Amino acid sequence: MPEKFDIIYHEFVDENYKPSGTDLIVVFRVTPAKGISIYDAAGRVAAESSVGTWTTLSVKPSLFEKLKAKAYRLHDLGDGSWLVWVAYPLELFEEGSIPNLASSVLGNIFGMKAIEGLRVEDIVFPREYIEWFPGPQHGVTGVREILKIRDRPILATVPKPKLGYTPEEYGKIAYEILVGGVDLVKDDENFAGQKFCRFEARLREVMKAIDKAEKETGERKGYLANVTANIKEMEKRIKLVADYGNQFIMIDFLTVGWAALHHARELAEEYKLAIHGHRAFHAAFTRNPRHGVSMFVIAKLGRLAGLDHLHIGTPGVGKMDAKTMEVIDYARLLREPVFKPREDDIIHMEQDWAGLKPVLPVSSGGLHPGNLQPVIEKLGADVLLQVGGGVIGHPDGPRAGAAAVRQAIDAILRGIPLDEYAKEHRELARALEKWGHV
Ligand code: CAP
Ligand code: MG
């Protein structure tokens, strides 16, 4: 008879355990279900996300003890929820596979009856884990080099409304935006290759607009072309973008998934393209503070996977829900070589990026010339500012809207109050008349 093997959830809690330098650590916020102790809940989380199961077994794999995750620290938040730190031996994970990591630590555990709420707040990667990933190909410096912009935020505009333009109309509006002073035209996330505006036809028109605008302004321009699609179609689009001589692609990486992003990153390497990461879908699991996955974790995975740009929200202004300090932390996390948590931050841990290039943070959502100042004050000038409605909605049209954004940036960087600058800059004045300023 095989030896009886009892998997007891408490075996997965060991408050005396000291994580080794190669452990991968996950910080969970755990709200146990009624009648379940934190030890039971934490043990189940660690077990179900590593080598455990729900019943006793009569067999035991030889590597069981070695591969067990350990919940090694528990901190009562006093509201029915706890922070729980779990250490995972690196051998649990397949090399270079975010899908495998996600299936483990972002997987079944969210649905267990033993927990009422579970949120993955942070994942701390050991150097060995990071070394399996490429990180950004271009990073902040590389993207600045493509566009030859060194001393100010990079500017992008999504033509609004989201959908409805034919390729010719889109090309026309792209030209207006670019010649007005914006650097990049960006597709909206749900603008793909619909019948009324097929991808290649649109690309062709935008590239014509870029050529013309570059000649007229003497500036470099680009197109954040949305290649988000099924894999084969995405491959075709990435190749087309490169063939047409554009150096950027945009991917809605949470809707296509981590494996698709990985594939796109490989193709981007081949064609030397920079990847703009749009994050539609994130709020479905980042918004609830007691359940889901934090944007902090998504940003970390995005840097590992190799995004060159990533949307992080708008600190304190704009149309999307975002907490100022959190947005500032995302920017630091993406740009710095080593992330160090603020003194009052009990959740996050230090993360050394092991030399991965920095990602350019993207602030977007309800921005206009009158609310860019606090964004730059809080995030610095090493950002990409996406102003969509706030350019297209300008009372004198998109070209004036683009000019107004450039004027606002000039004023902010030179420390001149917007009202003052607007006296000599009509486009800015008209934008402030419409939207005001903060
Ligand atoms: C912004 C935007 C972006 C959001 C996404 C939109 O347009 O194109 O998708 O910024 O949010 O469709 O809303 P506007 P986030 O400039 O006209 O608001 O960047 O927070 O992921
Ligand atoms: Mg959008």
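These figures come from a predicted structure and were not determined experimentally. Atoms within a ligand are numbered from 1 in the order they appear, just like the ligands themselves.
Going from atom CG of L267 over to atom CD of E269 covers 10.5 Å, rounded to the nearest 0.5 Å. The CZ atom of F248 lies 8.5 Å from the CG atom of D308; values are rounded to the nearest 0.5 Å.
Near ligand 1, residues V158, K160, K162, D188, E189, H278, R279, H311, G313, K319, M320, S364, G365, G366, Q386, V387, G388, G389 come within 4.0 angstrom through at least one heavy atom.
Judged purely by atom type and a 3.5 angstrom limit, N371 uses its side chain to pair as donor or acceptor with the backbone of G366. Of the possible polar contacts, none joining the H425 side chain to the L418 backbone as a donor-acceptor pair under 3.5 Å is found.
In summary, the side chains of Q351 and K300 do present a donor paired with an acceptor at a separation below 3.5 Å, with no hydrogens or angles considered. Side-chain contact of H263 with E235: a donor-acceptor pair under 3.5 Å is present, judged by distance alone.
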>> Run E205 and Y170 through side-chain contact (heavy atoms from CB on, under 4.5 Å) and show every step you take.
In response: CA-CA 7 Å; E205 294 304 320; Y170 199 75; 5.9 Å; no
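For the pairing with D183, the salt bridge (Lys or Arg N to Asp or Glu O under 4.0 Å) check across R220, K148, R144, R152 returns one residue only, R152.
For the Mg ion (ligand 2), the neighbouring protein N/O/S atoms at less than 2.8 Å, given as residue and atom, are D188 OD1, E189 OE1.
For the pair A404 and H394, the tightest heavy-atom approach, listed with the atom from each and the gap, is CB-CD2, 4.0 Å.
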